[in-house]
Amino acid sequence: MQAKSSKAPSRITAGHAERKAARSVPHVPREPSASAHGSSNASSGKLARLRRYHRQALQHAANYHNLASNATSASASDPAFQQQASTELSGFNTNFAGFTSVLAELGGDDGVANLDPTNNLETVLESIINANKDILTVTYNLVVSLPIVGPILGPIVYDLKCTLDDLLDIVENLTDAIVNAIQPLLQAVLGKAVTATCASGVQVVGLCI
């Protein structure tokens with residue numbers, strides 16, 4: 001646990017500095033390029049990957065929720081339970097990170113502004129953020145009632161919190177309509193991430209104080 005805590009502050013500091021610098025640069029809309037059609041096709045392919053990550057993340061979230069809902073003091077002490085809980089939460093975390101990475105690629109595409117409205121990027125974003133909210137609530141309740149799993153799940157939750165920070169930055173580079181709808185939801189979920197991380201017993205300088 002101590003090893004995780006020691007590297008966390010540098011990530012917070014670096015991330016804060018990078019986000020501050022990024023937000024100081026005004027957003028300038030891009031003119032459509034000659035390759036707009038090809039870019040739009042590439043963006044559609046990325047949307048398919050985005051949905052795949054989204055679908056897989058939700059499956060891990062459902063498995064994790066079912067596992068936590070049946071947890072008891074006895075089962076939480078079982079290494080098999082601890083491993084399964086870690087596997088499902090890590091699976092969610094991995095797919096959420098993949099989702100966020102593809103979204104960052106989409107944000108840099110010339111064709112993203114011209115995507116078919118039926119692709120409904122905002123709906124997928126709202127869904128993945130709500131999945132984070134639910135999984136953080138489940139984790140908080142789990143570690144409060146069964147503290148033995150805190151040291152196992154805490155570092156994964158901290159990684160989720162860092163990815164949520166990244167997602168907030170990415171959303172700010174998307175369309176104004178998406179920013180207006182998603183940003184308040186993201187801010188609320190980030191608060192839950194901090195609460196769940198600290199409840200797990202993982203001490204992060206500048207976070208759990």
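Just so it is clear, the structure is predicted and the values come from calculations on it, not from any experiment. Both backbone and side-chain heavy atoms feed into the values below; hydrogens, waters and symmetry mates do not.
- With hydrogens and angles disregarded, a donor-acceptor distance shorter than 3.5 Å links the side chain of Thr137 to the backbone of Lys133.
- Judged by distance alone, with hydrogens and angles left aside, the side-chain atoms of Ser86 form no donor-acceptor pair with the main-chain N or O of Gln82 at under 3.5 Å.
- Using modelled atom types, no side-chain atom of Ser101 and backbone atom of Ala97 make a donor-acceptor pair closer than 3.5 Å.
- Minimum heavy-atom separation, Pro155 to Gly150: CD-O, 4.4 Å.
- Looking at Leu185 and Leu125, their side chains never come closer than 4.5 Å, going by heavy atoms from C-beta outward.
- At least one side-chain heavy atom of Gln183 sits less than 4.5 Å from a side-chain heavy atom of Leu168.
- Between Arg55 and Gln59 the shortest side-chain heavy-atom distance does not fall below 4.5 Å.
- Side chains of Asn132 and Leu167 form no contact here, defined as non-hydrogen atoms less than 4.5 Å apart.
- In this structure, OG in Ser90 is found 8.5 Å from CD in Gln83, a value given to the nearest 0.5 Å.
- Between the side chain of Asp78 and the backbone N or O of Ala74 there is no donor-acceptor pair closer than 3.5 Å.
- Side-chain atoms of Thr94 do not come within 3.5 Å of backbone N or O of Gly91 as any donor-acceptor pair.
- A distance of 7.5 Å separates OG1 of Thr100 from CD1 of Ile128, quoted to the nearest 0.5 Å.
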- request: Give the C-alpha distance, both sets of side-chain angles, the deciding distance and a yes or no for side chain to side chain contact (heavy atoms under 4.5 Å, CB included) between Leu164 and Leu136.
  value: CA-CA 12 Å; Leu164 284 163; Leu136 290 167; 4.3 Å; yes
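- Applying the side chain to side chain contact (heavy atoms under 4.5 Å, CB included) rule to Leu67 yields the partners Phe81, Gln84, Ala85; only residues at least two apart in sequence or on another chain are considered.
- For the pair Ile129/Glu126, no side-chain contact is recorded, criterion being any heavy-atom separation below 4.5 Å from C-beta on.
- Between the side chain of Ser75 and the backbone N or O of Ala71 there is no donor-acceptor pair closer than 3.5 Å.
- Looking at Asn95 and His60, their side chains come closer than 4.5 Å, going by heavy atoms from C-beta outward.
- Rounded to the nearest 0.5 Å, atoms CZ (Phe92) and CD1 (Ile135) are 4.5 Å apart.
- Within the 4.5 Å cutoff, side-chain heavy atoms of Tyr64 are placed close to those of Leu153.
- Taking NZ of Lys161 as the reference point, atom CG of Leu190 lies at 6.5 Å (rounded to 0.5 Å).
- Nearest heavy-atom pair across Ala68 and Val138 is CB-CG1, 3.4 Å.
- Arg49 meets the side chain to side chain donor-acceptor pair (under 3.5 Å) test with Glu105; sequence neighbours excluded.
- One hydrophobic cluster, built from ILVMFWY side chains closer than 4.5 Å, cannot hold both Phe99 and Leu58; they sit in different ones.
- Atom CG of Leu146 is separated from atom CG of Asn141 by 10.5 Å, given to the nearest 0.5 angstrom.
- Among the candidates Asp166, Val124, Leu47, Leu50, the single residue satisfying the side-chain contact (heavy atoms from CB on, under 4.5 Å) test with Leu103 is Leu50.
- Residues Leu89 and Val157 meet the side-chain proximity criterion, which asks for heavy atoms closer than 4.5 Å.
- The minimum heavy-atom distance between Ile148 and Ala76, with the atom names listed, is CG2-O, 3.7 Å.
- Here the OG1-CD1 distance, from Thr197 to Ile156, works out to 11.0 Å after rounding to the nearest 0.5 Å.
- Nearest heavy atoms, Gly154 versus Ser200: CA-OG, 3.2 Å.
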